[in-house]
Enquirer: 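Quick one: the structure is below, and I'll ask about it shortly.
These numbers come from the heavy atoms of this one structure, side chains and all, not from hydrogens, waters or symmetry mates. This chain uses plain numbering: 1 for the first residue, then up along the sequence.
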Amino acid sequence: MKYIFLDVDGVLNNKKHYSKQHKKYGGRFFCEDMPFNPKSLVNLKKIIKKTGAKVVLSSSWRRTTNGMIVLKARLMEYGIKIHSTTPHIDGYRGKEIKKWCEDNIKAEDRILIIDDEMYDIEEFFKTNEIVKVNYNNGLNSIKKYESIKKLNRKEKKVWMKK
């Protein structure tokens with residue numbers, strides 16, 4: 001099985017899209033009110049289609065009921081489902097993903113973390129398991145191809161730094 005650990009802010013809703021929406025509608029948005037970048041959603045859908053990966057939500061959106069309702073609805077518009085969510089461990093995303101992997105990953109499984117902040121992720125995971133997106137651009141076409149390549153690679157699977 002293949003799993004994508006997905007962040008939302010900076011990946012599906014990014015600065016360029018946010019600025020465009022702000023100009024179009026006038027006023028400031030809260031994250032839950034702002035539509036996600038359709039290009040990023042299409043790119044995520046293509047990654048899933050080309051790799052067969054399941055989405056594990058690692059974003060802070062998983063921590064509120066309203067956030068999850070909004071997120072699930074937006075993803076379902078593109079036929080994307082959330083398979084699981086990582087546990088909450090004091091907001092340390094790398095530790096949270098590591099714990100989920102320890103509890104769920106089998107030796108033959110492959111993972112990919114798509115995020116715009118790496119403050120503790122790189123401490124636990126190898127670069128071939130990480131796609132770092134730029135907050136300004138989100139999950140663009142370049143990062144889509146990088147994600148597909150990393151998830152479909154053939155070399156031996158090692159999902160965590162020792």
Enquirer: I'd like to know whether NZ of Lys2 has more than 12 heavy-atom contacts from other residues, nucleotides or ligands below 6.0 angstrom.
Expert: yes

Enquirer: More than 12 non-hydrogen atoms from neighbouring residues, nucleotides or ligands closer than 6.0 Å to CD1 on Ile89, yes or no?
Expert: yes

Enquirer: Do Tyr92 and Trp61 sit in one hydrophobic cluster, given that two such residues count as connected whenever their side-chain heavy atoms are within less than 4.5 Å of each other, even indirectly?
Expert: no

Enquirer: Are Val56 and Ile97 packed together at the side-chain level, in the sense that at least one heavy-atom pair is separated by less than 4.5 angstrom?
Expert: no

Enquirer: Minimum heavy-atom separation for Arg93 and Ser58, please, with both atom names.
Expert: NE-O, 3.1 Å

Enquirer: Answer whether the closest heavy-atom distance between the side chains of Lys106 and Met1 falls below 4.5 Å.
Expert: no

Enquirer: Is the closest side-chain heavy-atom distance between Phe5 and Ile121 below 4.5 Å?
Expert: no

Enquirer: When rounded to the nearest 0.5 angstrom, what distance separates NZ in Lys50 from OH in Tyr145?
Expert: 8.0 Å

Enquirer: Between Phe36 and Tyr78, is there a shared hydrophobic cluster once you connect ILVMFWY residues whose side-chain heavy atoms come closer than 4.5 Å?
Expert: yes

Enquirer: So which heavy atom on Met118 is nearest to which on Val131, and how close?
Expert: CE-O, 4.3 Å

Enquirer: Before you tell me yes or no, could you show the steps for Ser84 and Asn104 under side-chain contact (heavy atoms from CB on, under 4.5 Å), namely the whole-Å CA-CA distance, both residues' side-chain angles and the distance that decides it to 0.1 Å?
Expert: CA-CA 10 Å; Ser84 184; Asn104 296 281; 5.7 Å; no

Enquirer: Go through it in stages, so that I can follow the logic: the residues are Glu146 and Lys143, the test is salt bridge (charged side-chain N to carboxylate O under 4.0 Å, His left out), and I'd like the CA-CA distance, side-chain angles, deciding distance and then a yes or no.
Expert: CA-CA 5 Å; Glu146 180 183 344; Lys143 296 301 178 177; 3.2 Å; yes

Enquirer: To the nearest 0.5 Å, what is the distance between OG1 (Thr86) and NZ (Lys95)?
Expert: 14.0 Å

Enquirer: Determine the minimum heavy-atom distance between Thr127 and Lys150, stating which atoms define it.
Expert: O-NZ, 2.7 Å

Enquirer: So Val55 and His83, do their side chains get closer than 4.5 Å, heavy atoms only?
Expert: no

Enquirer: In this structure, would Ile48 and Val42 fall into the same cluster of hydrophobic residues linked by side-chain contacts under 4.5 Å?
Expert: yes

Enquirer: To the nearest 0.5 Å, what is the distance between CD1 (Ile80) and CG (Leu6)?
Expert: 8.5 Å

Enquirer: Among Leu151, Ile105, Leu112, Thr51, find the one that has a side-chain contact (heavy atoms from CB on, under 4.5 Å) with Tyr3.
Expert: Ile105

Enquirer: Side chains of Val8 and Leu57, heavy atoms from C-beta outward: is any pair under 4.5 Å?
Expert: yes

Enquirer: Please report the closest heavy-atom contact between Leu75 and Leu44, naming both atoms and the distance.
Expert: CD2-CD2, 4.3 Å

Enquirer: I need the Asn43 CG to Ile148 CD1 distance, nearest 0.5 Å.
Expert: 8.5 Å

Enquirer: Once you round to the nearest 0.5 Å, how far does CG of Asp9 lie from CG of Asn13?
Expert: 4.5 Å

Enquirer: Considering all heavy atoms of both residues, which atom of Met68 and which atom of Arg62 are nearest to each other, and what is their separation?
Expert: SD-CA, 3.4 Å

Enquirer: side-chain contact (heavy atoms from CB on, under 4.5 Å) for Leu41 and Glu77? Distances and angles first, verdict last.
Expert: CA-CA 9 Å; Leu41 287 162; Glu77 290 175 8; over 6 Å; no

Enquirer: Which distance, rounded to the nearest 0.5 Å, do you find between the CG of Asp116 and the CG of Asn137?
Expert: 11.0 Å

Enquirer: Would you say that Lys98 contacts Phe125 through its side chain, given a criterion of any heavy-atom pair below 4.5 Å between the two side chains?
Expert: yes

Enquirer: Is there side-chain contact between Ser147 and Ile114, with at least one heavy-atom pair below 4.5 Å?
Expert: yes

Enquirer: Between Leu139 and Ile47, does the side-chain contact (heavy atoms from CB on, under 4.5 Å) criterion hold? Intermediate values first, please.
Expert: CA-CA 10 Å; Leu139 185 56; Ile47 294 167; 4.0 Å; yes

